[in-house]
Amino acid sequence: MQTPWEYRYAHRTQKMGSSVIRELLKLTEQPDVISFAGGLPAPEVFPVKEFRAACQVVLDEHGPQALQYSTTEGHVPLRELIVRSTGKITVENTLITSGSQQALDFIGRLFIDRGDYVVVESPTYLGALQAWNAYGAQYISVRSDENGMLVDELEAALRVGPKLIYVLPNFQNPGGSTLTLERRKKLVELADRYGVPIVEDDPYGRLRYEGEDLPSVLSLDADYRGSTNGPYNGNVIYLSTFSKLLAPGLRLAWIVAPSEVIRKFVMIKQAADLHTSSFNQYVAYEVAKDGFIDEHVKVIRATYKERRDVMIEMMEEMFPSNVTWIKAQGGMFLWSILPEGMDSAEVLKRAVEKKVAFVPGAAFHPNGGGANTMRLNFSYSSPETIREGITRMGTTLKELINKKI
Ligand code: PMP
């Protein structure tokens with residue numbers, strides 16, 4: 001008998017959907033479509049030369065170890081590098097993962113039982129929703145503005161008894177918001193008062209194009225507890241990644257958390273993939289060990305700042321006056337708000353006819369809403385392409401808005 005596949009899948013897979021973004025990325029495969037839809041770094045800034053040299057060194061000096069199975073926790077020199085750049089933690093607080101996306105999945109496995117609540121910003125990162133939907137998570141959305149989560153509204157959410165609070169404090173994907181210092185401190189206090197862990201997802205923190213760097217929620221939580229030098233033993237699970245600092249194809253990221261939580265993640269990772277690629281860890285360490293990333297982020301920042309500024313300049317010129325946006329201080333995305341009642345999914349259909357694509361905002365709102373919002377990526381396209389793409393979008397928006405009136 002032919003397997004009736006539908007009846008054999010595990011219950012939890014019912015809530016698994018294909019990502020809107022993945023579907024849209026298919027559009028970008030057509031060469032004539034200008035895509036602001038994906039979340040890709042600019043390939044021009046990938047440090048190919050440095051990787052070529054590092055591969056050679058790793059193979060010459062550490063060939064057998066780099067090609068062998070390794071420990072689940074990750075390559076110790078790489079973890080020590082992370083300890084030095086994070087501060088207030090020790091190596092026992094770290095775990096190398098195969099991308100932050102894997103860390104999000106592990107968080108789901110470790111914390112989320114079917115029906116559990118997670119507090120999220122509205123909008124929030126789609127990849128986290130995808131990861132946690134598989135474990136049956138439900139979401140309590142807390143509204144946010146250009147300064148991040150409205151933490152004054154967080155307390156009501158915490159009274160519902162959520163398992164986790166998920167925040168993206170720096171240049172949020174998708175909303176482009178940055179959580180203010182005051183709100184970060186309030187978040188730490190509230191999480192402490194209710195004993196709820198904070199998941200701080202920070203892939204973009206070093207990609208700031210204006211304003212002052214702010215302390216991470218992790219480091220504020222360490223201060224709140226009066227700990228200056230690790231081990232860290234607070235409320236925050238911090239995630240970051242080499243995807244935006246070196247290259248996403250490495251699939252290399254890290255978790256910082258209390259050591260007892262790291263030990264649990266290690267067990268989960270053992271079952272999932274034993275360990276992250278040893279070779280990639282050796283090579284990334286070889287590239288990064290003498291401060292290369294500090295120099296390299298300057299190049300990335302200059303490239304992305306120009307692209308962000310061109311996109312904003314063109315939106316000012318081409319978009320109808322009742323379309324607004326949040327000026328992200330860093331990161332890779334601009335978040336744009338259409339007049340109330342307009343549906344960005346409809347706009348996308350028209351935009352694709354004009355060979356330009358973006359992500360409609362509704363998917364980033366797990367409890368509905370946001371139909372009149374859209375996410376535009378500025379890191380991937382060249383300034384000239386951005387000019388052309390925003391011109392096409394401006395024409396589309398004007399046609400639709402005029403038709404409405
Ligand atoms: N979190 C956020 C907020 C992201 O934007 C991304 C990348 N799009 C990830 C996690 C996943 O990153 P990684 O490449 O490390 O899996």
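Each ligand, and each atom within it, is numbered from 1 in the order the structure gives.
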remark   = The answer, listing residues by chain and number that come under 4.0 Å of ligand 1 through any heavy atom, is Gly99, Ser100, Gln101, Tyr125, Leu168, Asn173, Asp201, Pro203, Tyr204, Thr241, Ser243, Lys244, Arg251
ask   = What side chain to side chain donor-acceptor pair (under 3.5 Å) pairs are there with at least one residue in residues 149-164, not counting sequence neighbours?
value = Asp116-Lys163, Arg143-Glu153, Asp152-Lys186, Glu155-Arg193, Glu155-Tyr194
ask   = Would you say Phe36 and Met311 make side-chain contact, with heavy atoms under 4.5 Å?
value = yes
query = Pairs in or reaching into residues 144-175: which pass ring pair (Phe, Tyr, Trp, His ring centres under 6.0 Å), with residues at least two apart or in two chains?
reply = Trp132-Tyr166
ask   = Quick one: salt bridge (Lys or Arg N to Asp or Glu O under 4.0 Å) pairs with a partner in residues 317-330, sequence neighbours left out?
value = Glu210-Lys327
message = For Trp335 and Phe364, take the angle between the two ring planes, folded into 0 to 90°, and tell me which bin it lands in: parallel under 30, tilted 30 to 60, perpendicular over 60.
response = perpendicular
inquiry  = I'd like to know if Lys185 pairs up with Glu182 as an ion pair, taking the criterion as any Lys NZ or Arg NE/NH1/NH2 lying under 4.0 Å from an Asp or Glu carboxylate oxygen.
reply    = no
